[in-house]
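Chain identifiers are assigned alphabetically (A, B, ...) following the order of the sequence lines, protein sequences preceding nucleic acid strands; residue numbering begins at 1 within each chain. Keep in mind that what you see is a predicted model, and the values were worked out from it rather than measured.
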There are 2 protein chains.
Amino acid sequence: MARAATTTDAFNAVAEPRRRQILDLLAQRERPVNELVDLLGLAQPQVSKHLRVLREVDLVHVRDAGRQRMYRLNPEPLRSIHDWLGKYERMWNERFDAMDTVLEELKEEEDHDD
Amino acid sequence: MARAATTTDAFNAVAEPRRRQILDLLAQRERPVNELVDLLGLAQPQVSKHLRVLREVDLVHVRDAGRQRMYRLNPEPLRSIHDWLGKYERMWNERFDAMDTVLEELKEEEDHDD
DNA sequence: CCATCGTATACCCATAAGGGAATACGTCAA
DNA sequence: TTGACGTATTCCCTTATGGGTATACGATGG
């Protein structure tokens, strides 16, 4: 089996930097394709393709405006990612007590942990 | 160009469900490979391969313990994902005022938004 | 020193990615 | 109607995934 399709879920869709850029731009306001093309410095077809992926995972909504297509962000699917991260968030925020930390570090050294 | 390597960053590494499962299991405690194999119901080589990816993006640390290799979670890289999501979090939490919401919905209908 | 355990690597395969380039399609202006 | 504009789709190509299977490798127990 090959790698899961980028359209499988938000996780896969968002793994691509360009698509994250697009979302970042749409986070500010609704935009037509050409505007994204200009801002990204990418060829129009690739932008359309990225938008297709984002559409398929429902991260963006489209609205016809004459011959233009206005793309708008739909942050909802990102929530699933955020939810998954939830259980880890405390791990990097939480202040582990000094004892454990020191023991961890010592252990790593003597075991040549990489 | 092909898709970015899974080892490019945490985003790509975590896009694979199996790898998320592995992280979930390691979130509980440090574990040797075989234990993960049993818990995941995957073949040992695939588990080792997934662990390799996770190692390369520094999401896990290894420690030699005799003939076993104990894998431990390192949540740090997940932070970059969390940080990126930060700017969107308010969008799905924030209470948009009723007016905007209604206008949005009406607009979608008349434009046959998909 | 040898056999075995626990893991990692090497191969083979089918699948699809993302960029480039050409082209199809719908809408609007003249 | 025609032509230009804005966008989507198609095709080509290179690359690497992830699973399957076989095998290599280091450590341990006899």
Just checking, A:Arg20 and B:Phe11: is the charged tip under 6.0 Å from the six-membered ring centre and within 45° of the axis? yes
Using a 4.0 Å heavy-atom cut-off to protein, can you give one letter per nucleotide of nucleotides 6-19 of chain C, 5' to 3': B if the base is in contact, S if only the sugar-phosphate is, - if neither? SBBBBB---B-BBB
Name of the residue among A:Leu25, A:Ile22, A:Leu23 meeting side-chain contact (heavy atoms from CB on, under 4.5 Å) with A:Leu73: A:Leu23
A:Arg19 side chain to A:His50 side chain, donor-acceptor N/O pair below 3.5 angstrom: yes
If hydrophobic clusters are built from ILVMFWY residues whose side chains come within less than 4.5 Å, do B:Met70 and B:Val37 share one? no
CZ of A:Phe11 versus C1' of D:dT17: gap in Å, rounded? 19 Å
Closest-nucleotide 5' rank along DNA chain D - winner of B:Asn12 and B:Gly66: B:Asn12
Which of these, A:Val53, A:Asn74, A:Leu54, sits in a side-chain contact (heavy atoms from CB on, under 4.5 Å) with A:Val60? A:Leu54
How close or far is atom C1' of D:dG6 from atom CZ of A:Arg31, stated in whole angstroms? 17 Å
